[in-house]
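Notes follow the structure.
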Amino acid sequence: IKMTTIQQPRIGQRYQLGQRVKKRATAISKKPRFGTVLEAIKGSDSRNHPMWYYSIQWDDLKSPSKHAQHALVPEK
């Protein structure tokens with residue numbers, strides 16, 4: 001029996017420079033955090049698959065921080 005796997009299309013860069021984003025809510029987060037994308041960084045995970053990270057300047061912090069694409073959602 002030959003088994004085949006279905007390849008899901010990879011998602012590329014989702015956010016653009018200057019775009020407003022919100023940090024995805026977690027169980028411990030008290031209030032939503034909003035910020036602006038300063039830089040898009042292409043990296044890779046442990047299996048060497050491409051992943052996107054973003055440098056975000058949060059409205060309530062002085063210095064930017066780096067976050068994975070899956071932790072962000074567009075601001076509405």
Side-chain angles (χ1 to χ4, degrees):
I1 298 175
K2 182 179 179 183
M3 297 187 69
T4 60
T5 58
I6 298 171
Q7 291 288 342
Q8 296 293 328
R10 297 263 179 220
I11 295 175
Q13 182 178 347
R14 191 178 291 164
Y15 305 108
Q16 303 302 316
L17 302 183
Q19 185 174 355
R20 297 283 297 165
V21 293
K22 176 177 138 179
K23 189 168 185 181
R24 189 179 296 272
T26 62
I28 60 172
S29 62
K30 296 178 181 165
K31 63 177 186 166
R33 178 175 275 178
F34 298 93
T36 306
V37 175
L38 298 179
E39 179 183 14
I41 306 154
K42 189 173 184 179
S44 59
D45 64 9
S46 61
R47 295 179 294 171
N48 209 23
H49 292 154
M51 287 187 64
W52 284 95
Y53 297 92
Y54 297 91
S55 178
I56 307 293
Q57 178 63 59
W58 299 112
D59 296 343
D60 59 343
L61 296 175
K62 290 184 179 181
S63 59
S65 56
K66 182 178 169 184
H67 296 276
Q69 178 167 274
H70 70 270
L72 304 169
V73 292
E75 181 180 353
K76 292 184 179 181

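Positions are given from 1, in the same order as the sequence printed here. The analysis underlying the following values was restricted to heavy atoms, covering all of them including side chains, and did not include hydrogens, waters or symmetry mates.
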Nonpolar side-chain network containing Trp58, other nodes, edges under 4.5 Å: Tyr15, Leu17, Val21, Val37, Trp52, Tyr54, Ile56, Leu61, Leu72

Taken in chain and number order and not counting sequence neighbours, the residues that satisfy side chain to side chain contact (heavy atoms under 4.5 Å, CB included) with Ser55 are Leu38, Glu39, Pro64

Output all residues satisfying side chain to side chain donor-acceptor pair (under 3.5 Å) with Asp59, sequence neighbours left out; order by chain, then residue number. Arg20

Kindly compute the distance separating OH (Tyr53) from CD (Gln69), expressed to the nearest 0.5 Å. 10.5 Å

Return yes if some donor-acceptor pair links the side-chain N/O of Glu75 with the main-chain N/O of Phe34 below 3.5 Å, else return no. no

Rounded to the nearest 0.5 Å, what's the gap from OG on Ser63 to CD on Gln57? Could you check? 7.0 Å

Shortest non-hydrogen contact between His70 and Arg24, atoms and distance: O-NE, 2.9 Å

